[in-house]
Amino acid sequence: MKILFLDQSGKPGGAELCLIDIAKPYRDRALVGLFADGSFKTLLQQNHIPVEVLTTQKIQVRKQSNFFQAFGSLTQLAPLIFKVAETAKKYDIIYANTQKALVIGAVASFLARRPLVYHLHDILSSEHFSQTNLRVAVNLANRFATLVIANSQASKTAFVQAGGKAEITQVVYNGFDGKLYQTSPAETQKLRQQLGVEKKFVVGQFSRLSPWKGQHILIDAIAQCPPEVTAILVGDALFGEQDYVKQLHQQITQLGLEKRVKFLGFRNDIPQLMAACDLVAHTSIAPEPFGRVIVEAMLCEKAVVAAKAGGATELVEHGINGFLTTPGESQELAEIINTCLQDQQTTATIASHARTTASQRFDVAHINQQIAELLLSCAK
Ligand code: UDP
Ligand code: GLC
């Protein structure tokens, strides 16, 4: 089957990293069309997945836009829509991986008469999107998509609550290659040395820097923990959240945590860095649609504490294979960090259980098989 994948982003967020795994089995007969240039293109090339930047024009539909802004931007999109429709004629399916890709892909699927698949990586609720964006996404998916793949039950529920058709929507979790998350103790020790955290209790946060990812909650929690507790913040402000980054630095200065919180920027050695942590914290203050970092921590055999909302509650069972805390509650988070610090034996047992369950539930070969079957039924 020949697939035209579409993604709006030039940068590798979770939806893009997920797309790499989905596109790989089709790489000798697929194309990934991007609406921006950047490091995601390079990652696709490194994975030998054909990629083309279809436009470098800024697409202005913002997460919080009104109807007129949304309509105004649509009229500017005509050249891109025709380009995608023309390209789509050489493929069997259009696979839209983001919301702007859905907008373009929907019209192109109509013009080129190709089935449209929409991979929903978002929780379509007012916490994340404007009413206009919600309506546009739901109506386009209902009208044009043959299949909606939701990245969690939480994303599917929000889609259906917003008016999306349940009967075309299937939940498929992100898949992972467990082998990539195995690291050597020697390598881990070296990395801890390099980071200057050998004798510390290290809590890692692996997310792009963005207010809803809640790095500020972890910083507040660290201030409530003993001095040996240190945090590493791994990730960059991918979508221009510079004000938030400034706020985080101010917060660290005000709390006197300069020596206990380190920013590492965007990194490609996530498994190694996770292995170098004693605990991984997921701190989103709005419901996380899925939360790749949670599964990745589990695969690294690390205890993970996640914010109890959205997809995270489908991944973690509190006290069994991880911990859950109320989103936005730094004191609760600090209590879990302290529990893990004091009872490292129980924490290790939970981490070991996490690896076993995650390897079974999120195996990429199995997930790709599920997707292949769904795509086959669409192409018929
Ligand atoms: N990630 C990365 N380098 C970084 C920070 C994050 O490669 O410096 C990866 C991380 O391992 C995960 C993805 O980015 O696979 C983030 O996905 P997630 O679903 O957790 O959140 P999103 O940013 O997509 O909302
Ligand atoms: C999105 C979501 C994230 C999810 C990822 C992969 O980026 O924000 O929660 O894990 O897509 O599906």
Side-chain angles (χ1 to χ4, degrees), residues 7-9 11-23 38-40 42-43 46-47 63 95-101 118-125 127-129 137 148-156 158-159 171-177 180-181 204-215 232-239 241 245 262-277 280-300 302 304 306-307 309-316 327 358 362 364 367 371:
D7 192 294
Q8 72 203 44
S9 182
K11 296 180 184 164
E16 287 67 38
L17 295 173
C18 173
L19 182 64
I20 292 178
D21 286 323
I22 292 172
S39 55
F40 179 38
T42 315
L43 267 181
Q46 284 165 354
N47 282 281
K63 269 197 170 183
Y95 192 112
N97 198 51
T98 57
Q99 284 197 40
K100 287 173 196 167
Y118 174 38
H119 198 143
L120 173 62
H121 291 280
D122 296 309
I123 289 195
L124 294 178
S125 72
E127 272 160 300
H128 287 279
F129 297 99
V148 175
I149 297 176
N151 65 353
S152 65
Q153 188 57 50
S155 294
K156 176 177 174 175
F159 175 66
V171 174
V172 182
Y173 290 134
N174 281 213
F176 299 82
D177 180 353
L180 301 177
Y181 297 88
Q205 215 275 6
F206 298 78
S207 286
R208 54 202 161 86
L209 303 177
S210 174
W212 78 272
K213 291 290 189 182
Q215 278 83 4
I232 56 170
L233 303 181
V234 184
D236 218 344
L238 289 187
F239 304 111
E241 298 92 341
V245 177
K262 294 176 199 291
F263 289 84
L264 302 191
F266 188 90
R267 301 273 295 232
N268 289 315
D269 53 349
I270 297 300
Q272 289 71 20
L273 284 166
M274 283 186 171
C277 294
V280 171
H282 162 271
T283 55
S284 295
I285 55 171
E288 184 71 54
F290 176 74
R292 290 176 60 85
V293 290
I294 299 170
V295 177
E296 289 170 331
M298 293 167 119
L299 291 170
C300 290
K302 281 297 140 191
V304 59
T313 61
E314 296 163 51
L315 311 179
V316 176
F362 307 105
V364 71
I367 302 278
I371 292 189

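As the structure lists them, so they are numbered: ligands from 1, and atoms in each ligand from 1. FYI, side chains are in, hydrogens and waters are out, and symmetry mates aren't considered; it's all heavy atoms of this structure. Because the structure is a prediction, the values reported are computed rather than measured.
- Between L124 and Q99, some side-chain heavy-atom pair lies under the 4.5 Å cut-off.
- Partners of Q8 by side-chain hydrogen bond (donor to acceptor under 3.5 Å, both in side chains), not counting sequence neighbours, listed by chain and number: T98.
- Annotation: D122 places no N or O atom under 3.5 Å from an N or O atom of ligand 2; distance criterion only.
- Using a 30° and 60° split on the angle between ring planes, F290 and F176 fall in the parallel class, below 30°.
- The contact set between ligand 2 and R292, taken as ligand atoms under 4.0 Å from a residue heavy atom, comprises 10 (O).
- Polar contact with ligand 2: absent for W212 (N/O pair, distance under 3.5 Å).
- Contact analysis leaves G13 out of contact with ligand 2, as no non-hydrogen atom separation drops below 4.0 angstrom.
- Remark: A297 engages M274, V280, K302, V304 in a side-chain contact (heavy atoms from CB on, under 4.5 Å) (not counting sequence neighbours).
- In this structure the side chain of V316 never reaches within 4.5 angstrom of the side chain of H282, judged on heavy atoms.
- When hydrogens are left out, the protein atom nearest atom 10 (O) of ligand 2 is G291 N, 2.9 Å; that is the closest non-hydrogen contact.
- Contact annotation: for N174 versus ligand 2, heavy atoms closer than 4.0 Å belong to the side chain alone.
- Between V295 and Y173 the shortest side-chain heavy-atom distance does not fall below 4.5 Å.
- Distances from atom 3 (C) of ligand 2 to the heavy atoms of H128, E288, E16 show the closest one on E288.
- Residues passing the ring-ring contact (aromatic ring centres under 6.0 Å, His included) test with F266: none are found, sequence neighbours excluded.
- Closest to atom 2 (C) of ligand 2 among all protein heavy atoms lies H121 O, 3.3 Å.
- Contact annotation: the side chain of F362 never approaches that of N174 to less than 4.5 Å [non-hydrogen atoms, C-beta and beyond].
- Remark: F40 CZ to L238 CG distance equals 12.0 Å, nearest 0.5 Å.
- The backbone N or O of R208 lies less than 3.5 Å from no partner atom in the side chain of E241, so there is not a single donor-acceptor pair.
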Where does ligand 1 get N/O contacts under 3.5 Å from the protein, atom by atom?
from	atom 1	to	atom 2	distance (Å)
ligand 1	3 (N)	R267	O	2.8
ligand 1	8 (O)	R267	N	2.8
ligand 1	11 (O)	E296	OE1	2.7
ligand 1	11 (O)	E296	OE2	3.4
ligand 1	15 (O)	R292	NE	3.0
ligand 1	15 (O)	E296	OE1	3.2
ligand 1	15 (O)	E296	OE2	2.9
ligand 1	19 (O)	R292	N	2.9
ligand 1	20 (O)	R292	N	3.3
ligand 1	20 (O)	V293	N	3.2
ligand 1	21 (O)	K213	NZ	3.2
ligand 1	23 (O)	R208	NE	2.8
ligand 1	24 (O)	G14	N	2.8
ligand 1	25 (O)	R208	NH2	3.2
ligand 1	25 (O)	K213	NZ	2.8

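- The CG atom of N47 sits 8.0 Å away from atom CG of D21, with the distance rounded to the nearest 0.5 Å.
- Atoms of ligand 2 lying under 4.0 Å from any heavy atom of G14, numbered from 1 in the order shown and given with element: 5 (C), 6 (C).
- Inclusion of F290 in the set of residues having an N or O under 3.5 Å from an N or O of ligand 2 is warranted.
- The closest protein non-hydrogen atom to atom 7 (O) of ligand 2 is A15 N, 3.6 Å.
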